[in-house]
Asker: 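First the structure, which I've put down as structure tokens, then a few questions once you've had a look.
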Number of protein chains: 2
Amino acid sequence: MRTPRDRGVPGAGGTSTINDVARLAGVSIKTVSRVMNNEPNVRPETRDKVQEAATLLHYRPNLLARSLAGSRSFLIGLFYDNPNAAYITDMQRGVITRAREQGYHLLIEPQDSHAPDLVSKISSLLATIRLDGVILTPPLCDMAVVLHAIEAAGVPYVRVSPFLNPGRSPCVRMDETQAAYEMTRHLISMGHKDIGFIRGHPEHGGSHQRYEGFVRALRESQIEPRPEWVKQGYFSYESGVEAGRALFAEKTRPTAVFSSNDYMAFGVMASAQQVGIRIPEDVSITGFDDVPGAMLVWPHVTTIRQPVEALAYAAADILLTRQESEEGEPAPQAPDRLLPFALIERQSVRRL
Amino acid sequence: MRTPRDRGVPGAGGTSTINDVARLAGVSIKTVSRVMNNEPNVRPETRDKVQEAATLLHYRPNLLARSLAGSRSFLIGLFYDNPNAAYITDMQRGVITRAREQGYHLLIEPQDSHAPDLVSKISSLLATIRLDGVILTPPLCDMAVVLHAIEAAGVPYVRVSPFLNPGRSPCVRMDETQAAYEMTRHLISMGHKDIGFIRGHPEHGGSHQRYEGFVRALRESQIEPRPEWVKQGYFSYESGVEAGRALFAEKTRPTAVFSSNDYMAFGVMASAQQVGIRIPEDVSITGFDDVPGAMLVWPHVTTIRQPVEALAYAAADILLTRQESEEGEPAPQAPDRLLPFALIERQSVRRL
DNA sequence: CCACTTAATGACAGCGCTATCAGAGAGCGT
DNA sequence: ACGCTCTCTGATAGCGCTGTCATTAAGTGG
């Protein structure tokens, strides 16, 4: 009778252990370990001998055993609560790309940020699996209780595009204010002076920054934003429709509308269509985010592309680079990494 | 000087071990282990005593140690190579939902199905981390070399919507032929007799099944499909535009067009718009997949919704349920699990 | 009351690695 | 030749659990 852990005939498809390699190479398992971890103080010929044996036996160090014995788990966690599928997969791709360079793996942990037991779930998770680092995306990265739980567990973490608590941890983000500023400059350079704005969800950090960049660009050109042309939205298509409807019901109407994100821009376009306003002949439209669906609506909307995958890569890089060097000292207090965005010009803006 | 593994003052935020619990409860660690794993043969009062101690110490079993000592890793892997973000996140959500019910975690492994070293990457991964199961999605689930590598590693796996090698492993899928059949029946019931069809990528299994369902429904109503109204597409928006253009250039034109997926349907709609054909007044359109962008184009397209999350849940369920019961015996040869799809009626089909 | 099963518990040996430290050589100045 | 450092290597003790098996306590039948 074979027990569940019986690996069968050694070498015949079964996994080989560090012992097998040590025996074949005629050295101790510690030396094999040294070679596998690229530690110094191994004679080149010894190293070769070990490597040859390892190759011959198709030896792969067991990650679980390494984790248990050592101080690393080779696992990094990505925590998120974001309904946007494209954002999530881009994040995952970026993190995994960097993680693989170092033999790390990714554990994904979608979390309901409204769950009452969110913190206990996270604490419990971190106690169960010792992650070498976690990456937090909005809105989780702005929840103090979450940060506290992760800090309490002593796990290094990096936040992506945080709004609150600057400096509390390493962060990666793009300069949203600057992006909105440049988008507004773009509209102005196309001859627009009367520009409307659809604000995003007030609880989302980016909303304020985007508005701020908009206003700054306007004022810089001696244009005063008109309150009746600034409408509140909530980042959803429907809120865009509503905001557009309200905006186009005003006595005078702007020649361009800058929506805080693409979905609202689509909503604005739909509301325009309904009252016979043509885009971009009558009104120019710009969005923000460059969602994949952008290519589905006509005209394609001019927008800002956030470097999501690059942000993710950078976040993982901070985690893994620190892993490499540091061994207990307080981190060298890395400043936020700011990544470049791109203004994508398409057909929704007309030159006046 | 603190070593990296120094956990600091016991109990003070530090993780507690099974030893701490055993000591506090006044039992052996083995008994604690039994309680934590819900094993039988523990007196209720003992169980309570242990549970109390565990709660008091915020004890969480270390997953890594459990994996190494035991026969389970509490990790399941999701392998995919699919550009569709919504599909992937739905899959992940479904798998995670089921996994969490059993304290399992998800490791995601995007793979490039065209990479020359795909197999060695997979073998190496499976040797490094002992996964308790893996879930394969198209196109990976149809690659014999991949199946072989996983079988060689002795890891149980479930395939989602496979096309080839039926019966080689447990599978979950929806009945694509039936869905296409019902969609066609729907068009016929709306009074359409002249129906065009845009085929999908010939290397994707679903393409053939969808076409088959289409033809079956037609023939059942004594309608012979007209070859000049069947165009080849490749599941992309652009291929839809092209197919639509070719279709509308025919001498006579169908009253409805069934596209093998939504993106191509959008393309067909765009090509119709360009030559002044109105949807659905002049031509009705149906899609397949219900991609999220479907709500962005007007009119909203009638389509088939694939139960992606439910498929993922079912796949994980097969893996985890087997885990529970079986201990080495050959699986009871579960037949494929067929999950129900939904026909979503929207505004792109007109009753004749 | 005794052999005889069954339930409840514990002792202990690993799982496959890493960390620590001791030891064996090699090189070198005095 | 001696101690001394420095480089390379191995013996050994865990990491925090689970699996196996032995052991004790409790029940059962004759």
Side-chain angles (χ1 to χ4, degrees), chain A residues 1-7 10 14-23 25-50 54 57 59-74 103 127-130 132 327-328, chain B residues 1-7 10 14-23 25-50 54 57 59-74 103 127-130 132 327-328:
Chain A
M1 170 96 192
R2 295 167 56 132
T3 71
R5 58 205 321 171
D6 183 352
R7 270 187 288 103
T15 322
S16 49
T17 76
I18 196 171
N19 263 298
D20 304 332
V21 179
R23 205 173 311 127
V27 298
S28 74
I29 61 169
K30 180 60 208 178
T31 297
V32 177
S33 171
R34 268 191 270 263
V35 173
M36 298 316 291
N37 290 290
N38 275 311
E39 283 173 34
N41 299 340
V42 180
R43 232 176 21 208
E45 35 187 311
T46 310
R47 194 176 290 276
D48 290 348
K49 209 166 48 181
V50 169
L57 295 174
Y59 171 66
R60 296 276 136 198
N62 179 321
L63 212 139
L64 265 29
R66 295 225 274 179
S67 311
L68 187 58
S71 49
R72 298 180 299 173
S73 70
F74 300 93
T128 301
I129 310 197
R130 223 180 45 53
D132 285 347
E327 267 304 315
Chain B
M1 170 95 192
R2 294 167 57 131
T3 70
R5 58 204 321 172
D6 184 352
R7 270 186 289 104
T15 321
S16 48
T17 75
I18 197 171
N19 261 298
D20 305 330
V21 179
R23 206 173 308 126
V27 299
S28 75
I29 60 168
K30 181 60 208 181
T31 299
V32 177
S33 171
R34 269 190 271 263
V35 173
M36 299 316 291
N37 290 290
N38 276 313
E39 283 173 33
N41 299 342
V42 179
R43 234 178 17 208
E45 35 188 311
T46 309
R47 194 175 290 273
D48 290 348
K49 210 168 48 184
V50 170
L57 295 174
Y59 170 66
R60 297 276 136 199
N62 180 320
L63 213 142
L64 264 30
R66 295 225 274 178
S67 310
L68 187 57
S71 49
R72 299 179 299 173
S73 70
F74 299 94
T128 300
I129 310 197
R130 222 179 45 55
D132 286 347
E327 268 305 316

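The figures here come from the full heavy-atom set of this structure, side chains too, leaving out hydrogens, waters and symmetry mates. Letters A, B, ... mirror the listed sequences (proteins, then strands); counts begin at 1.
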Asker: Step by step, would you call A:V27 with A:V32 a side chain to side chain contact (heavy atoms under 4.5 Å, CB included)?
Answerer: CA-CA 7 Å; A:V27 298; A:V32 177; 3.8 Å; yes
Asker: To the nearest Å, how far apart are B:R47 CZ and C:dA7 P?
Answerer: 14 Å
Asker: In whole Å, what is the span from the CG atom of A:N19 to the C1' atom of D:dA11?
Answerer: 13 Å
Asker: Measure from CG on A:L68 to C1' on C:dT18 and round the result to the nearest Å.
Answerer: 10 Å
Asker: In whole angstrom, what separates A:E45's CD from D:dT7's P?
Answerer: 17 Å
Asker: Side chains of residues 37-46 of chain B: which donor-acceptor pairs under 3.5 Å do they make with residues two or more places apart or in other chains?
Answerer:
unit_1, atom_1, unit_2, atom_2, d
B:N37, OD1, B:R66, NH1, 2.7
B:N37, ND2, B:S33, O, 2.8

Asker: Where is the tightest heavy-atom contact between A:Y59 and A:T17, given as atom of each residue plus distance?
Answerer: CE1-C, 3.5 Å
Asker: Roughly how many Å is it from CD1 in A:I129 to C1' in D:dG16, rounded to a whole number?
Answerer: 15 Å
Asker: Grab the CG-P distance between B:N62 and C:dC15 for me, whole Å please.
Answerer: 18 Å
Asker: With A:S73, which residues qualify under side-chain contact (heavy atoms from CB on, under 4.5 Å), at least two apart?
Answerer: A:S67, A:L75, A:D132, B:L64
Asker: Send over the distance from B:I18 CD1 to C:dT9 C1', rounded to a whole Å.
Answerer: 14 Å
Asker: Testing the basics here: between A:A127 and B:T15, what is the closest heavy-atom pair and its distance to 0.1 Å?
Answerer: O-CG2, 4.3 Å
Asker: Does A:F74 have any ring pair (Phe, Tyr, Trp, His ring centres under 6.0 Å) partners at least two apart in sequence or in another chain, and if so, which?
Answerer: A:Y104
Asker: Which value, rounded to the nearest 0.5 Å, describes the distance between A:L63 atom CG and B:I129 atom CD1?
Answerer: 4.5 Å
Asker: List the atom of A:K49, the atom of A:A25, and the distance in Å for their closest heavy-atom pair.
Answerer: CE-O, 3.4 Å
Asker: Identify whether any heavy atom of B:T46 sits under 4.0 Å from a base atom; if not, whether one sits that close to sugar-phosphate; answer base, sugar-phosphate or nothing.
Answerer: sugar-phosphate
Asker: Does a side-chain N or O of A:S71 approach OP1 or OP2 of C:dA19 to a distance below 4.0 Å, or not?
Answerer: yes
Asker: For the helix from C:dC1-D:dG30 to C:dT30-D:dA1, measure the angle between the helix axis at one end and the axis at the other, each built from five pairs, rounding to 10°.
Answerer: 50°
Asker: Between B:S67 and C:dC15, is there a side-chain N or O to OP1/OP2 distance below 4.0 Å?
Answerer: no
Asker: Please write out each protein N/O paired with an N/O of nucleotides 23-28 of chain D under 3.5 Å, distance rounded to 0.1 Å.
Answerer:
none

Asker: Heavy-atom contacts under 4.0 Å between residues 25-41 of chain B and DNA chain D, which residues?
Answerer: B:I29, B:K30, B:S33, B:N37
Asker: Who pairs with A:R47 by salt bridge (Lys or Arg N to Asp or Glu O under 4.0 Å), at least two apart in sequence or on another chain?
Answerer: none
Asker: What pair of heavy atoms forms the shortest contact from B:S28 to B:A22, and how long is it?
Answerer: C-CB, 3.8 Å
Asker: Rounded to whole Å, please give me the gap between CG in A:L64 and C1' in C:dT18.
Answerer: 14 Å
Asker: Do any N or O atoms from the side chain of B:R130 and from the backbone of B:L68 form a donor-acceptor pair under 3.5 angstrom?
Answerer: no
